[in-house]
Amino acid sequence: MELVTKISGITLRNPFMNASGVLGQTVSLLRRLQEAGAGAVVTKSITYEERKGYDNPTFVKIKCGYLNAMGLPNPGFKEFSKELSSSKEEFKVPVIVSIAPSEPKQAKEMAATFKKVADAIEINLSCPHAEKLGLEVFSDMGLTENIVKSVKDNFDGPVFCKLPPYRNEVLGLIKSLESCDALVVSNTIRAMVIDVKAKKPILGNKFGGLSGRALHPISLALVFELYEKTRKPIVGVGGIESWEDAVEFFLAGASAVQIGSALEKKGTTIFKELIEGLEEYLKEEKIGLEELIGLAHDS
Amino acid sequence: MYLLWSNFNLGRDNKIYLMRLEMSYYVRGKLELNNKPLDKIAILEFDLDENMSCKPGQYIMAWLPNYGEIPLSPSICDDRKLQLLVEDVGATSNKFVNLEVGSYAYFRGPFGNFFDLSRGNKYLLVAGGTGAAPILMAARNLSKLNAEVITIYGGKSRKHLVFLEDFNKYSKKVFAYTEDGSFGYSGVVTKDLQNVISSFLPEVILTTGPEMMMRKVVETSVRNKIYCEASIVRIIKCASGVCGSCVLEPQGLLACKDGPVFSGEVLINSNFGKTMRSESGKEVEIK
Ligand SMILES: Cc1cc2nc3c(=O)[nH]c(=O)nc-3n(C[C@H](O)[C@H](O)[C@H](O)COP(=O)(O)OP(=O)(O)OC[C@H]3O[C@@H](n4cnc5c(N)ncnc54)[C@H](O)[C@@H]3O)c2cc1C
Ligand SMILES: Cc1cc2nc3c(=O)[nH]c(=O)nc-3n(C[C@H](O)[C@H](O)[C@H](O)COP(=O)(O)O)c2cc1C
Ligand code: FES
């Protein structure tokens, strides 16, 4: 079966890509994802300045998923764009550059710099544990609107906005996203884990973001709701570990999906597994991927 | 799995066993001994609350709440005993080196792959400085397997050769090197490597130590067509193969999960000994 999907003008050979921050730190890793079969590759969220990230522990597995507080480590947009420019020809699949600007001026400069190397830009408006970045930007409607506009005005390709999983905030602020082309739903939920013998929060930053299995039904519900409330294409993210998890997102209205934490459990072979599982399902159900998208909605 | 064990009364030990399979589970250790032959180097011995077991080359994540968590390859990690060799190079390792007896630390793991001890019967081990810990565990296990072991062990001075007696116990012969000439042969570990290879004709070479030293060992092994493995150091953050911080390039291999042990063939075609990623992911040169 044909797995090709389209989002805001870019064509993917299949609807599976990695989630930002998971194996997208370097060109060598993006290449590995492409070779593993990903339909598009997404970079780590890149900030204006270089960031070392938070102290370890930064990633822990819990019973219902994972917590991370990496703290957006990245070499800064100038360094990263240099690396990407020198190897852009190696990519046969779309490269989506995730950026986490904290104000419109940064957004403008970053968008202009990534113009030549990015097929799409994903704006991280949702990292739950970084000061003046991600979610802290999103909580300011005017600021978000200006950032999205600055990226849009300085970049030719589609602009995606990556949202937090918090329904009320998202619905309240959705107007500020008018100028973006597609929504990526969702990022992690602010969360904590405490070690009972050490009697302290485990993460170096104390707070982190919950991803994995527990996030799946939460992101799914938001995708479902946003599909009805906006006309924008949606990329579903959250706890996808199998093709069934992904199909739920397509039925709820996502045109493509991203895989994060499951790469811990299954490694990059998960892409092959998802592709084969989806192909089989579409064949058995005698349905095309395009028809599947949003099918869970009445009428 | 979670539903299964949480719904039944399995008893404490079984419950802990299952928890350790599905979540990051820290085992508490009480420091029993801190042997500091030098200001910046310590051999630490912990008594663990629960059993932990590590193969040679694997690493554990060692956590001191409020300070940080670092990857360390134990020299002993068996049952409830954990022995670590730690060098003070920064904030968290400094805390470990100066940890007082009776204090607690927390450990999770083991992580990563391990040395292949079943590739032959003649092993040459090459250990440099504080990299010696996993090589010592390999030597001990190889001697249990009745393999023939020759060790080349080097450090700055005699005091840096903290595991010399242990290596003597598990090796047929130990060639010791000190940079200041205070003991054994004077010079670096790799000085007479080619001669030792030519006379001993090992089937396998295992190495840990400073990266430039390991690069030399790897190059020499590959040149001599001898299978070789090295345990490499990269910045470990997630220890789970997701964050990308420990990448070996251009292959995009992850030292935390695909490694930390890699074969000479893989390393010789990588940036090993040339560049690595800093904590921010910036490419930096290895000195
Ligand atoms: C698989 C593996 C096994 C190791 N085994 C041992 C061992 O047995 N004994 C020992 O003394 N050291 C070992 N190390 C190195 C040890 O982890 C680092 O020295 C330690 O993390 C430094 O942390 P810090 O906070 O003290 O120093 P920092 O001030 O944070 O950094 C000092 C330097 O240490 C290195 N470093 C920092 N953070 C890390 C990190 N998370 N992972 C790896 N390197 C880092 C960097 O090169 C940095 O420049 C091992 C490393 C790895 C990857
Ligand atoms: C280790 C790690 C790092 C992450 N870094 C980023 C990031 O830089 N930018 C971002 O937008 N999301 C980041 N995320 C969130 C993921 O992109 C994704 O939204 C989230 O993990 C949910 O998907 P999952 O359940 O499949 O992991 C990160 C997640 C993890 C686990
Ligand atoms: S430390 Fe995160 S991928 Fe290896």
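Both the backbone and the side chain of A:L23 come within contact range of chain B, with heavy atoms under 4.5 Å apart. Contacts of A:R31 with chain B are made by side-chain atoms alone, with heavy-atom separations under 4.5 Å and no backbone atom involved. Both the backbone and the side chain of B:V242 come within less than 4.5 Å of a heavy atom in chain A. Heavy atoms closer than 4.5 Å to chain B are found in the side chain of A:K199, but not in its backbone. Residue A:L33: no heavy atom, backbone or side chain, is found under 4.5 Å from chain B. Residue contact with chain B, scored on non-hydrogen atoms closer than 4.5 Å, involves the backbone and the side chain of A:E264 alike.
For residues 249-273 of chain B, the interface with chain A (any heavy-atom pair closer than 4.5 Å) comprises B:E249, B:P250, B:Q251, B:G252, B:L253, B:L254, B:K257, B:D258, sorted by residue number.
Contact check for A:L12 versus A:P94: side-chain heavy atoms found under the 4.5 Å cut-off. Using a 4.5 Å heavy-atom threshold, the side chains of B:F114 and B:C54 count as separate. In this structure the side chain of A:L29 reaches within 4.5 angstrom of the side chain of A:T26, judged on heavy atoms. Residues A:I62 and A:C64 are in side-chain contact: their nearest non-hydrogen atoms beyond the backbone lie under 4.5 Å apart.
Looking at every heavy atom in both residues, B:R80 comes nearest to B:L48 through NE-O, 2.6 Å. The minimum heavy-atom distance linking A:G39 with A:N14 is given by the pair N-OD1, 3.3 Å. Across A:V185 and A:F249, no two heavy atoms sit closer than the pair O-CE2, 4.3 Å. The minimum heavy-atom distance linking B:W63 with A:P201 is given by the pair CZ2-O, 3.6 Å.
Every pair passing side-chain hydrogen bond (donor to acceptor under 3.5 Å, both in side chains) that includes a residue from residues 104-114 of chain B is listed here, sequence neighbours excluded: B:S24-B:R108, B:Y26-B:R108, B:E69-B:R108.
Side-chain contact of A:Q25 with A:E83: a donor-acceptor pair under 3.5 Å is absent, judged by distance alone.
For the options B:C243, B:A91, B:P65, heavy-atom pairs under 4.5 Å to chain A are most numerous at B:C243. Of the listed residues (A:P57, A:G21, A:G204), the greatest number of heavy-atom pairs within a distance under 4.5 Å of chain B belongs to A:P57.
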